[in-house]
Amino acid sequence: MQARTPMRWVPTLYFVQGMQFFVVMLIAGLMFKNLGVANDQIARWTAVLGLAWAIKPLWSPFLELARSKKLIVVATQYVGAAGLGLMALALHLPHWFGAAIVVLFLIAYASATHDIACDGLYMASLDDKRQAAYAGWQGAFFNGARFFITGVVLKLAGHLEEQVGVFNAWSGVFLMLAVLVAVLATYNARFLPGALSAAPNAGTAAGVAAMLRDVVVDFFRKPGIWRAVLFIVMFRFAEGQVQTIGPLFLLEARDKGGLGLTTGQVADVYGWVGTGAFLVGSVLGGWVTSRLSLRRAMPLLIVAMGVPNATFYYLAAALPQDMLHIGAAVGVEMFGYGFGFVGMILYIMQAVAPGRFQTAHYALGSGVMQLGFVFSKSISGDIQLAMGYRHFFAWTIACGLPALLLLLWVPMPRARGGAEAVPA
């Protein structure tokens with residue numbers, strides 16, 4: 001199976017993974033904004049959709065009962081393609097918003113299940129050396145999907161909005177995405193390693209449920225785990241709010257306190273400038289942390305996570321009009337976001353996950369992180385509508401301070417690995 005070069009399937013596998021994720025978690029909110037949906041509704045419903053990735057550890061062990069991970073991957077890609085096609089139809093229904101949310105639920109849960117299966121397929125198909133060798137390509141094509149969705153698809157949507165109207169534009173965009181994902185799913189059905197059908201695993205659902213219970217119980221018995229959970233939630237408390245409202249602020253009309261950008265202009269600053277700055281920040285954040293150790297770097301990483309909050313506060317106060325000014329600010333924002341976000345990934349990996357269920361506990365820790373993000377995202381729209389954009393972004397700056405204070409109290413990894421238990 002390893003005779004087939006991974007470069008024939010790793011790029012398409014992780015490009016589809018990224019496409020489905022960013023359609024739900026990024027594009028949907030911008031589309032709803034242009035279709036006239038209020039910020040609180042956008043924030044609340046996109047947060048609910050994000051639960052799919054937060055709770056996926058609860059059903060991930062049961063996927064092990066099917067030996068053919070390729071079958072799950074290909075099936076969920078076709079489900080995603082069908083969902084994108086249904087989105088094109090949903091936007092023309094009388095109750096289009098409710099229909100769109102239902103279809104996005106389908107795409108979200110298919111995508112979350114796809115994530116589990118595609119990572120499992122990657123690990124099962126490659127030895128340790130090849131896993132490490134192609135890990136960079138994983139991230140490159142996942143983030144390439146982010147660029148494609150924000151820089152190309154969003155730009156196309158903006159162009160079509162001017163030509164055929166907002167509803168028709170987005171309907172056309174989703175139809176094209178459906179065709180693209182269906183084509184990639186067909187390609188993957190041929191070139192992914194493994195078989196499309198296989199004998200069922202000898203395990204039982206009862207056995208998997210018992211193992212899952214042991215994993216969860218062991219996780220919450222770790223020394224200092226509740227302080228670690230609080231730290232994880234507070235680390236992303238400001239981020240969830242600003243990453244939800246920030247893009248909507250860029251689209252908001254100037255007479256309502258926003259910057260009044262067009263869809264195409266948002267695509268330019270987020271797709272080109274933002275994605276590049278995020279990748280540079282992520283790489284640099286990882287390098288700095290490896291040089292300093294996570295314990296020493298964490299204060300700097302938390303401060304970096306506050307850069308987007310401060311940047312959007314500046315934009316809301318100054319309301320600049322030239323795109324060079326706005327693009328530079330978004331570049332700074334996304335650089336800080338990429339630099340700081342490394343801290344939480346490494347914290348879960350080094351301080352929360354170690355133990356006899358390391359992989360499963362990493363998944364649970366990531367789920368907790370996503371739950372914190374979902375919670376802050378869900379309340380962001382109500383807070384923004386109550387406070388206005390300028391005061392809202394000032395509020396998010398304050399929301400970043402508790403994570404700094406919690407550094408005095410939470411378990412941190414030792415310099416040479418392993419979590420340091422904090423006395424009760």
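What you are looking at is a predicted structure, and each value in this text was computed from that prediction instead of being measured.
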Query raised in the report: If you round to the nearest 0.5 Å, how far is OG1 of Thr289 from CG of Leu301?
Result: 4.0 Å
Report summary line: Checking Val24, Leu51, Val48 against Phe105 for side-chain contact (heavy atoms from CB on, under 4.5 Å), the one that qualifies is Val48
Query raised in the report: What do you reckon, is NE2 of His391 surrounded by more than 12 foreign heavy atoms closer than 6.0 Å?
Result: no
Report task. Step through it carefully: locate the ring centre of Tyr109, locate the ring centre of His114, and say whether they are under 6.0 Å apart. Result -> no
Report summary line: Rounding to 0.5 Å, atoms CG (Leu49) and CD1 (Ile107) come to a distance of 9.5 Å
**Report entry** Lys33 side-chain N/O to Asn39 backbone N/O, donor-acceptor pair under 3.5 Å
**Finding:** no
Requested in this report: Taking Asp218 for its side chain and Asp214 for its backbone only, find out whether a donor-acceptor pair lies under 3.5 Å.
Outcome: no
Query raised in the report: Is the Phe393-Phe249 ring centre distance short of 6.0 angstrom?
Result: yes
Query raised in the report: What do you reckon, are the aromatic ring centroids of Trp45 and Phe32 less than 6.0 Å apart?
Result: no
Report summary line: Heavy atoms of Leu30 and Pro247 approach each other most closely as CD2-CB, 3.6 Å
**Report entry** From CG (Asp40) to OG (Ser380), nearest 0.5 Å
**Finding:** 9.5 Å
Query raised in the report: Between Phe142 and Phe22, how do the two ring planes meet: parallel, tilted or perpendicular, split at 30° and 60°?
Result: tilted
Requested in this report: Determine the sole option in Phe147, Phe148, Phe141 for which the ring pair (Phe, Tyr, Trp, His ring centres under 6.0 Å) test with Phe15 is passed.
Outcome: Phe148
Query raised in the report: Counting distance only, does the side-chain N/O of Lys377 pair as donor-acceptor with the main-chain N or O of Gly240 below 3.5 Å?
Result: no
**Report entry** Side-chain donor/acceptor of Arg254 to backbone N/O of Leu319, under 3.5 Å
**Finding:** yes
Query - Minimum heavy-atom distance Gly340-Phe235, with the two atoms named - result: O-CZ, 3.5 Å
Report task. Please check if the side chain of Thr5 supplies one atom and the backbone of Arg8 the other of a donor-acceptor pair under 3.5 Å. Result -> no
Requested in this report: Run through Tyr337, Phe341, Phe339 and flag the one making a ring pair (Phe, Tyr, Trp, His ring centres under 6.0 Å) with Phe278.
Outcome: Tyr337
**Report entry** Nearest heavy atoms of Ser111 and Gln20, plus distance in Å
**Finding:** OG-CB, 3.5 Å
Report task. Using atom types as modelled and distance alone, determine if a side-chain donor or acceptor of Thr275 lies under 3.5 Å from a backbone N or O of Trp272. Result -> no
Query raised in the report: Would Trp409 and Phe231 count as a close aromatic pair, with their ring centres under 6.0 Å?
Result: no
Query raised in the report: More than 12 foreign heavy atoms under 6.0 Å from CH2 of Trp59: is that the case here?
Result: yes
**Report entry** Spatial distance of atom OH (Tyr347) from atom CG (Leu294) [nearest 0.5 Å]
**Finding:** 8.5 Å
Query raised in the report: Backbone N or O of Phe237 within a donor-acceptor pair of the Gln241 side chain at under 3.5 Å?
Result: yes
**Report entry** Minimal non-hydrogen separation, Ala81 against Ala178, with atom names
**Finding:** O-CB, 3.3 Å
**Report entry** Which atom of Ala145 lies closest to which atom of Met19, heavy atoms considered
**Finding:** CB-N, 3.4 Å
Report summary line: Taken to the nearest 0.5 Å, the spacing of Gln350 CD from Met412 CE works out to 8.5 Å
Query raised in the report: Does any N or O in the side chain of Ser376 come within less than 3.5 Å of the main-chain N or O of Phe373, such that one atom is a donor and the other an acceptor?
Result: yes
Query raised in the report: Mind checking whether Lys222 and His361 have side chains closer than 4.5 Å, heavy atoms only?
Result: yes
Report summary line: Scanning both residues in full, the closest heavy-atom pair of Val103 with Met87 reads CG1-CG, 3.5 Å
Query - Rounded distance (nearest 0.5 Å) linking atom CG of Leu261 with atom CD of Gln321 - result: 10.5 Å
